[in-house]
Visitor: 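Below you'll find the structure I mean.
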Amino acid sequence: MESSSAAPQGSSRREATRQKLYEAAVTLIAEQGFSATTVDEIAERAGVAKGTVYYNFASKSVLFEELLRHGVGLLTASLREAAERTAREGRGRVDALDAMIRAGLVFIDRYPAFTQLYVAELWRTNRAWQSTLLVVRQEAVAVVEGVLRDGVESGEFSEEIDIPLTAAALVGMVLVAALDWKSFQPERSLDDVHAALSRLLQGRVSGRP
């Protein structure tokens, strides 16, 4: 009985340690770049021994790859939850997309350093984790694709919509608008940014006047 109860506690402690390492790594890499960031710095920022980093991750590259999986996984879960919530409430797909836009903004507001890092990595094609990045990106975009596809089937959206491209454009719109907000218009509130993107969505995707 003791060993079975200790296992979840040990797992919880390890997850807490990994979370600290994720947070330390994303902050440092956003500040000074991947190549310039050392494992020693990550360990120091996380408040753990260097050996703890290697106990949890085989290398700095593996840590970064897992960081991408973790961060984009959180974003994907936020988008999915927003879509499912609007469906439970009996609202339409435009409302689902609007809720997903807000969920994306909330995520970016909470994790601005990760978002900056993620967007920067999307432009690089020579990284060891490029295949992982493409997979996790598609997982996030696929949630939006699903809502668009349902909307086309229900007649809410035009059949002429290019679903993959439109989904990617919506995700990209949120990422770029939020980074501009954080970098150049920090005085704006999340509600202001959401309202602007919501108006764009209502006019362009739904076809409403």
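Any value given below was found using the heavy atoms of this structure, including those in side chains, with hydrogens, waters and symmetry copies removed. Because the structure is a prediction, the values reported are computed rather than measured.
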Visitor: Provide the closest heavy-atom pair for Gly104 versus Leu79 in the form atom of the first, atom of the second, distance.
Guide: N-CD2, 4.2 Å
Visitor: Closer than 3.5 angstrom, by distance alone: can the side chain of Thr86 be matched with the main-chain N or O of Ala83 as a donor-acceptor pair?
Guide: yes
Visitor: Checking side-chain contact (heavy atoms from CB on, under 4.5 Å) for the pair Leu28/Glu31: CA distance, chi angles, key distance, verdict?
Guide: CA-CA 5 Å; Leu28 286 166; Glu31 288 175 356; 4.1 Å; yes
Visitor: Checking Arg45 against Glu41 for the salt bridge (Lys or Arg N to Asp or Glu O under 4.0 Å) test, could you report, in this order, the C-alpha distance in whole Å, the side-chain angles of both residues, the deciding distance, and whether it holds?
Guide: CA-CA 6 Å; Arg45 180 69 66 93; Glu41 289 174 321; over 6 Å; no
Visitor: Leu179 vs Lys182, test: side-chain contact (heavy atoms from CB on, under 4.5 Å). Steps then yes/no.
Guide: CA-CA 5 Å; Leu179 288 176; Lys182 288 296 182 182; 5.6 Å; no
Visitor: Does Val39 belong to the same Ile/Leu/Val/Met/Phe/Trp/Tyr cluster as Tyr55, with side-chain heavy atoms less than 4.5 Å apart forming each link?
Guide: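 In one cluster: no.
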Visitor: Work out which heavy atom in Ile163 is nearest to a heavy atom in Arg149; give both atom names and the distance.
Guide: CD1-CA, 3.7 Å
Visitor: Would you name the heavy atoms of Val147 and Ala96 that are closest together and state the gap between them?
Guide: CG1-CB, 3.9 Å
Visitor: Centres of the Phe57 and Tyr22 rings: under 6.0 Å?
Guide: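 Ring centres of Tyr22 and Phe57 closer than 6.0 Å.
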Visitor: Over 60° means perpendicular and under 30° means parallel, so tell me whether Phe107 and Tyr111 are parallel, tilted or perpendicular.
Guide: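 Plane angle between 30° and 60°, so tilted.
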Visitor: Using side-chain contact (heavy atoms from CB on, under 4.5 Å), reason through Thr76 and Val72 one step at a time and then give a plain yes or no.
Guide: CA-CA 6 Å; Thr76 301; Val72 181; 4.0 Å; yes
Visitor: Calculate, to the nearest 0.5 Å, the distance between atoms OG1 and CZ belonging to Thr166 and Phe157 respectively.
Guide: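 Result: 9.5 Å between the selected atoms.
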Visitor: Treat each ILVMFWY residue as a node, draw an edge where side-chain heavy atoms are under 4.5 Å apart, and state whether Val135 and Leu63 are in one component.
Guide: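 Different clusters: Val135 never reaches Leu63 through Ile, Leu, Val, Met, Phe, Trp or Tyr contacts under 4.5 Å.
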Visitor: Under 4.5 Å between side-chain heavy atoms, hopping through other hydrophobics if needed: is there a path connecting Leu74 to Leu190?
Guide: yes
Visitor: Which atoms form the tightest heavy-atom contact between Glu145 and Ala167, and what is the distance?
Guide: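 Answer, listing the atom of Glu145 first, then Ala167: CG-CB, 3.4 Å.
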Visitor: Do Glu15 and Gln19 pair up side chain to side chain, a donor and an acceptor below 3.5 Å, judged on atom types alone?
Guide: no
Visitor: Closest heavy-atom contact between Lys20 and Val48?
Guide: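 Looking at all heavy atoms of both residues, the shortest contact is NZ-CG1, 4.1 Å.
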Visitor: For the pair Lys50 (side chain) and Ile42 (backbone), establish whether a donor and an acceptor sit closer than 3.5 Å, ignoring hydrogens and angles.
Guide: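 No; judged by distance alone, with no hydrogens or angles, the pair does not exist.
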Visitor: Once rounded to the nearest 0.5 Å, what's the spacing between atom CE of Met100 and atom CG of Leu105?
Guide: 12.5 Å
Visitor: The criterion is salt bridge (charged side-chain N to carboxylate O under 4.0 Å, His left out); which residues satisfy it with Arg80, sequence neighbours excluded?
Guide: none
Visitor: What I want to check is whether the side chains of Arg188 and Gln185 have a donor and an acceptor closer together than 3.5 Å.
Guide: yes
Visitor: Could you go through Glu65 and Thr132, starting from their C-alpha distance and side-chain angles, then the distance that decides it, and tell me whether this counts as side-chain hydrogen bond (donor to acceptor under 3.5 Å, both in side chains)?
Guide: CA-CA 7 Å; Glu65 187 170 349; Thr132 296; 2.4 Å; yes
Visitor: Is it possible for you to say whether Val176 and Leu201 belong to one hydrophobic cluster, with membership spreading through side-chain heavy-atom contacts below 4.5 Å?
Guide: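 Not linked; separate clusters.
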Visitor: Which distance, rounded to the nearest 0.5 Å, do you find between the CG of Leu175 and the CG of Leu170?
Guide: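 Rounded to the nearest 0.5 Å, the CG-CG separation comes out at 11.0 Å.
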Visitor: Which residues satisfy the side chain to side chain donor-acceptor pair (under 3.5 Å) test with Arg110, sequence neighbours excluded?
Guide: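 By the side chain to side chain donor-acceptor pair (under 3.5 Å) rule, Arg110 matches no residue at all.
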Visitor: How many angstroms lie between NE2 in His194 and OG in Ser189, if you round to the nearest 0.5 Å?
Guide: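 Separation between the atoms: 11.5 Å.
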Visitor: If every non-hydrogen atom of Leu165 is compared with every non-hydrogen atom of Asp162, which pair is closest and at what distance?
Guide: N-OD1, 3.1 Å
Visitor: Decide whether Phe64 and Leu134 are clustered together by the hydrophobic rule: side chain heavy atoms of Ile, Leu, Val, Met, Phe, Trp, Tyr closer than 4.5 Å, transitively.
Guide: no
Visitor: Before giving the answer on salt bridge (Lys or Arg N to Asp or Glu O under 4.0 Å), spell out for Glu81 and Arg88 the whole-Å C-alpha distance, their side-chain angles and the decisive distance to 0.1 Å.
Guide: CA-CA 10 Å; Glu81 195 281 328; Arg88 289 194 302 269; 3.8 Å; yes
Visitor: Identify whether the distance between the nearest side-chain nitrogen and carboxylate oxygen of Arg102 and Asp191 falls below 4.0 Å.
Guide: yes
Visitor: If you draw a 6.0 Å radius around CD in Glu159, do more than 12 non-hydrogen atoms from other residues or ligands fall strictly inside?
Guide: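 12 or below, so no.
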Visitor: Tell me, with the steps shown, if Ser198 and Asp98 meet side-chain hydrogen bond (donor to acceptor under 3.5 Å, both in side chains).
Guide: CA-CA 6 Å; Ser198 180; Asp98 189 52; 2.8 Å; yes
Visitor: With side-chain contact (heavy atoms from CB on, under 4.5 Å) as the test, would you mind laying out the steps for Val144 and Leu148 before giving the verdict?
Guide: CA-CA 6 Å; Val144 184; Leu148 289 170; 4.3 Å; yes
Visitor: How long is the straight-line distance from CG of Leu197 back to CE of Met173, given to the nearest 0.5 Å?
Guide: 4.5 Å
Visitor: Just verifying a value: how many Å separate Leu21 CG and Glu66 CD, rounded to the nearest 0.5 Å?
Guide: 12.0 Å
